[in-house]
> 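I am attaching a structure below and will ask some questions about it afterwards.
Below, chains carry the letters A, B, ... as their sequence lines are ordered, and counting in each starts from 1.
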Amino acid sequence: MPELPEVETTRRGLAKLVTGKKIRRVLVRERRLRWPIPDELSQYLVGRTVRAVRRRAKYLLIDTSNGTLIIHLGMSGSIRHVAPNAPVRKHDHVDIELDDEICLRYHDPRRFGSMHWTSVSADEHFLLCSLGPEPLGPDFTPDYLYGRSRNRKIAVKNFLMDAHVVVGVGNIYASEALYLSGLSPVRAAGQVSLARYAKLVDSVQQTLRRAIKAGGTTLRDFVSGDGQPGYFGQQLFVYGKAGERCSKCASEIRVRTIGQRSSYYCPVCQR
DNA sequence: CCCGATTCCTGTAGGC
DNA sequence: TGCCTACAGGAATCGG
């Protein structure tokens, strides 16, 4: 699924392709995504020029002269650059055609993605206004995590995956980062020391940076390529490796369900 | 406020 | 070989 690295790769590809271009036509084949695509989407977009393509959390923000299109790729969404008459595949839900015969095609089998329109600052949109800091930004600090976690009884893994705490840390990266920092995924968030949170911040950033680097080589230009997710190629320490040996202590890696999600961990290294 | 459970959806993997 | 079921996951929302 598109993780932060895939979304960022998509953003870079889109920015290069559509900045400064005028939107000529919008075709919605299936409006039932995570939220219904607004009926007026075409009215909002057609005739407008793309000013910039930004990212906030896993949201793509396409700024035009009169507002912003907010796109989430959900679990299975992708945006590809195709020829205007390219054959339509199953689950090709939306086309956005721009100058120079550029056609952006939104494809999403599971329809967990979404498209919203806002005519004011996207940061004020209800989906974005209460999001936590970017994990690779200056506000994601040990002090911040420590402060937010006091008196919280929630498992530290769920805490880390809460987008109101910090954005962009999905199930895979949460398992990996907790392993790197030697923290048990089930430990209460409020019972983790400042020093441990410092280690965790470092681990999250290291994990994401490595994934972005892998995404950068595997995905190159997600918009014009096949949109193959890149995280498969990256080095995973524990995720999906139940029964295999821990690379530090050779204990057997375990899997258990925490907050309705599979969590992989080393029972010896993580306390 | 806090937290766990439920929900959306379909492709894929595993079992028999 | 083929059918059937379980599972995966982001994030809003519901219920206690």
> Check every strand shown and say whether A:Phe159 touches a base, only sugar-phosphate, or nothing at a heavy-atom separation below 4.0 Å.
nothing

> Does A:Ser262 make a side-chain N or O approach to OP1 or OP2 of C:dA8 shorter than 4.0 Å?
yes

> Among B:dC3, C:dA8, C:dA11, which nucleotide sits nearest the side chain of A:His72?
C:dA11

> Nearest whole angstrom, please: distance from the P of B:dT12 to the NE2 of A:His91.
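Between P of B:dT12 and NE2 of A:His91: 9 Å.
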
> Report the C-alpha distance between A:Glu8 and A:Arg55 in whole Å, list the side-chain angles of each, state the deciding distance to 0.1 Å, and finish with yes or no for salt bridge (Lys or Arg N to Asp or Glu O under 4.0 Å).
CA-CA 7 Å; A:Glu8 178 58 22; A:Arg55 180 187 61 76; 2.8 Å; yes

> Which whole-number value in Å describes the distance from A:Leu128 CG to C:dA11 C1'?
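Computing the A:Leu128:CG to C:dA11:C1' distance gives 13 Å.
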
> Would A:His116 and A:His125 count as a close aromatic pair, with their ring centres under 6.0 Å?
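Judged by ring-centre distance (under 6.0 Å), A:His116 and A:His125 do meet the cut-off.
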
> Side chains of A:Tyr144 and A:Arg148: any donor to acceptor distance under 3.5 Å?
yes

> For A:Arg32 and B:dT10, give me the distance from atom CZ to atom C1', rounded to whole Å.
13 Å

> Give the residues of residues 105-114 of chain A touching DNA chain B, defined as any heavy atom closer than 4.0 Å, sorted by residue number.
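Residues of residues 105-114 of chain A that come under 4.0 Å of DNA chain B are, in numerical order, A:Pro109, A:Arg110, A:Arg111, A:Phe112.
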
> Rounded to the Å, how far apart are A:Arg150 CZ and B:dC3 P?
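Value for this atom pair: 12 Å.
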
> Can you see whether A:Asn66 engages A:Thr64 through a side-chain donor-acceptor pair at a distance of less than 3.5 angstrom?
yes

> Scan A:Thr207, A:Val201, A:Leu208 and name whichever one has a side-chain contact (heavy atoms from CB on, under 4.5 Å) with A:Gln205.
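Running side-chain contact (heavy atoms from CB on, under 4.5 Å) over A:Thr207, A:Val201, A:Leu208 with A:Gln205 returns exactly one hit, A:Val201.
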
> Looking at A:Tyr179, I'd like to know if the NZ or CZ of A:Lys241 sits under 6.0 Å from its six-membered ring centre while staying within 45 degrees of the ring's axis.
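Because its charged atom misses either the 6.0 Å distance or the 45° angle limit, A:Lys241 does not stack over A:Tyr179.
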
> Is NZ or CZ of A:Arg48 both nearer than 6.0 Å to the six-membered ring centre of A:Tyr44 and within 45° of the ring axis?
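Negative - A:Arg48 is either too far from the ring of A:Tyr44 or too far off its axis.
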
> If I take atom CE in residue A:Met161 and atom P in nucleotide B:dG4, what distance separates them, rounded to the nearest angstrom?
13 Å

> What integer distance in Å separates A:Lys58:NZ from C:dA11:C1'?
9 Å

> Quickly work out the A:Met75 CE to B:dT7 P distance and round it to whole Å.
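After rounding, the reported distance stands at 18 Å.
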
> Cut-off 3.5 Å, side chains only: do A:Lys22 and A:Thr49 have a donor facing an acceptor?
no

> Can you name the atoms? Protein N/O to nucleotides 13-15 of chain C N/O, anything below 3.5 Å, with the distance.
none

> When you match A:Lys90 and A:Ala155 each to their closest nucleotide on DNA chain B, which lands nearer the 5' end?
A:Ala155

> Look at the side chain of A:Gln260 and decide which nucleotide, out of B:dC3, B:dT6, C:dG10, has an atom nearest to it.
B:dT6

> Rounded to whole Å, how long is the line connecting atom CG of A:Leu4 with atom C1' of C:dA11?
15 Å

> May I have the step-by-step check of salt bridge (Lys or Arg N to Asp or Glu O under 4.0 Å) for A:Arg29 and A:Asp92, ending in yes or no?
CA-CA 8 Å; A:Arg29 296 187 191 82; A:Asp92 282 343; 5.5 Å; no

